[in-house]
Peer 1: 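Provided herewith is a single structure, encoded as structure tokens, for subsequent inquiry.
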Amino acid sequence: VSKNPNILLKVVTRKNEWELYKNDYEEYLTPNIEILHEQGDDIIKYFNWADMFVHTIKPNEYRKMAVPVKLFEYIGYTKPIIAYNNTYTGEYVANKKIGISINYGTDELENELTQILNDKSLLDIYLPNWENEKQKNTWAERAKTVEMDLLRKKNKVLILSDGTSSHTKKWVNQTVDAGFDVVLVSLNESYLKNCKVYSFSETNLKNRSLVSKMRYLRYIKQIRKIIKIEKPDIVHAHYLSSYGLLAFLSRTKYFLSVWG
């Protein structure tokens with residue numbers, strides 16, 4: 001992007017993480033690249049602004065199975081995606097014909113962006129597939145899929161997740177609306193009113209350091225005790241490297257939403 005001033009790129013990222021790694025990128029920051037730190041609904045204006053979305057994460061074994069939240073947010077705004085082959089996102093984009101999947105590296109990416117810049121109608125071929133994918137991937141429809149495939153005939157669902165996350169709140173709301181008795185276990189202070197909540201006062205979980213991840217291990221005994229008391233029909237853990245780890249160590253059957 002820095003090589004072509006006619007391409008405009010907005011990068012929305014957490015401010016604290018940008019401060020940690022910005023030195024790796026500063027030599028590439030030209031006037032056509034803008035770094036933003038918006039959150040929540042403040043990001044929507046940038047979704048509407050964009051002609052397409054880019055999810056160019058380096059392929060590895062984890063990325064072959066990790067499902068990024070942003071993928072389905074992008075789908076909701078019905079605009080094509082560029083992603084890399086050998087990642088879950090890349091395979092999904094290619095199979096559903098909702099964007100372009102390319103090999104990892106800068107050459108193919110630069111070539112695709114240049115072609116699109118010269119002829120934006122190249123993006124139109126993906127539009128017929130978008131509305132169908134959008135309808136199938138709303139929060140309500142995805143919660144119904146979980147209900148039908150994994151929660152059928154279940155009464156009580158224990159959700160292990162960050163109660164301050166908007167994604168968690170949506171999952172709780174949809175599961176409650178589907179008629180299930182929901183118990184939420186969150187290590188952060190949480191105040192959801194439509195389900196029973198066990199929450200702790202851990203405050204230093206937002207960064208991705210090893211020390212932060214180790215803090216989760218302090219709560220394994222409490223999690224096991226809550227599961228023993230509540231006797232859920234199923235445990236649903238969110239986020240592989242945090243609450244997913246707690247579910248794995250809780251010695252119970254569970255299913256996991258990996259996220260990205």
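Below, each value reflects all heavy atoms present in this structure, side chains not excepted, and no hydrogens, waters or symmetry copies.
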Peer 1: Let's go through Phe180 and Asp233 carefully: what are the C-alpha distance in whole Å and the side-chain angles of both, what is the deciding distance for side-chain contact (heavy atoms from CB on, under 4.5 Å) to 0.1 Å, and is it a yes or a no?
Peer 2: CA-CA 10 Å; Phe180 296 97; Asp233 294 290; over 6 Å; no
Peer 1: Hey, are Asn85 and Asn103 close enough side-chain-wise for a donor-acceptor pair under 3.5 Å?
Peer 2: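 Distance-only check passes for Asn103 and Asn85.
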Peer 1: Indicate yes or no: at least one non-hydrogen side-chain atom of Asn4 is less than 4.5 angstrom from one of Leu117.
Peer 2: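 The answer is yes, as the side chains (C-beta and beyond) meet within the 4.5 Å cut-off.
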Peer 1: Could you tell me whether Lys79 and Asp51 make a salt bridge, using a distance below 4.0 angstrom between a side-chain N and a carboxylate O?
Peer 2: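 No, Lys79 and Asp51 are not salt-bridged.
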Peer 1: If you take all heavy atoms of Thr89 and Pro68, which pair is closest and at what distance?
Peer 2: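 Scanning both residues, the minimum pair turns out to be OG1-CG, 3.3 Å.
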Peer 1: Is there a side-chain contact between Ile82 and Leu109 (heavy atoms, below 4.5 Å)?
Peer 2: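 Counting from C-beta outward, Ile82 and Leu109 do come under 4.5 Å.
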Peer 1: Is there a side-chain contact between Met52 and Leu123, using heavy atoms and a 4.5 Å cut-off?
Peer 2: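 Counting from C-beta outward, Met52 and Leu123 do come under 4.5 Å.
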Peer 1: Working to the nearest 0.5 angstrom, can you tell me the gap between Thr164 OG1 and Lys169 NZ?
Peer 2: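 Thr164 atom OG1 to Lys169 atom NZ measures 7.0 Å (nearest 0.5 Å).
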Peer 1: Are the side chain of Ser190 and the backbone N or O of Ser186 linked by a donor-acceptor pair below 3.5 Å?
Peer 2: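 Absent.
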Peer 1: Evaluate Tyr198 against Glu230 for side chain to side chain donor-acceptor pair (under 3.5 Å), listing each step before the verdict.
Peer 2: CA-CA 11 Å; Tyr198 290 88; Glu230 292 295 335; 2.5 Å; yes
Peer 1: Exactly one of Phe47, Tyr46, Phe72 should register a ring pair (Phe, Tyr, Trp, His ring centres under 6.0 Å) with Tyr77. Which one does?
Peer 2: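 Running ring pair (Phe, Tyr, Trp, His ring centres under 6.0 Å) over Phe47, Tyr46, Phe72 with Tyr77 returns exactly one hit, Phe47.
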Peer 1: Does this structure show an ion pair linking Lys64 with Glu91, if we count only N-O contacts that are shorter than 4.0 Å?
Peer 2: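 Salt bridge: no.
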Peer 1: Is it the case that atom CG in Asn118 sees more than 12 heavy atoms from other parts of the structure closer than 6.0 Å?
Peer 2: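 Atom CG in Asn118 is packed in, count exceeds 12.
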Peer 1: Please check: side-chain N/O of His37 versus main-chain N/O of Thr13, any donor-acceptor pairing under 3.5 Å?
Peer 2: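 At least one qualifying donor-acceptor pair exists.
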Peer 1: Between Ser199 and Asn188, which heavy-atom pair has the shortest distance, and what is it?
Peer 2: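 Scanning both residues, the minimum pair turns out to be CB-O, 3.2 Å.
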Peer 1: Mark yes when over 12 heavy atoms from residues, nucleotides or ligands other than Lys253 sit less than 6.0 Å from its NZ; otherwise mark no.
Peer 2: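 Not more than 12 within 6.0 Å, no.
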Peer 1: Assess the pair His238 and Tyr243: is the distance between their ring centroids shorter than 6.0 Å?
Peer 2: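 Ring centres of Tyr243 and His238 not closer than 6.0 Å.
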Peer 1: Will you find, in the side chains of Thr30 and Ser2, an N or O donor that is under 3.5 Å from an N or O acceptor?
Peer 2: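 The criterion, which ignores hydrogens and geometry beyond distance, is not satisfied for Ser2 and Thr30.
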Peer 1: Show your working on side-chain contact (heavy atoms from CB on, under 4.5 Å) between Tyr84 and Ile102 and close with a plain yes or no.
Peer 2: CA-CA 5 Å; Tyr84 282 137; Ile102 61 176; 3.7 Å; yes
Peer 1: Considering residues, nucleotides and ligands other than Gln39, do more than 12 of their heavy atoms fall under 6.0 Å from its CD?
Peer 2: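 No, the 6.0 Å shell around CD holds no more than 12 heavy atoms from other groups.
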Peer 1: May I ask you to establish whether Lys96 and Tyr92 are in a cation-pi arrangement, using a distance under 6.0 Å from NZ or CZ to the six-membered ring centre and at most 45° from the ring axis?
Peer 2: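 Output yes; distance and angle both within limits.
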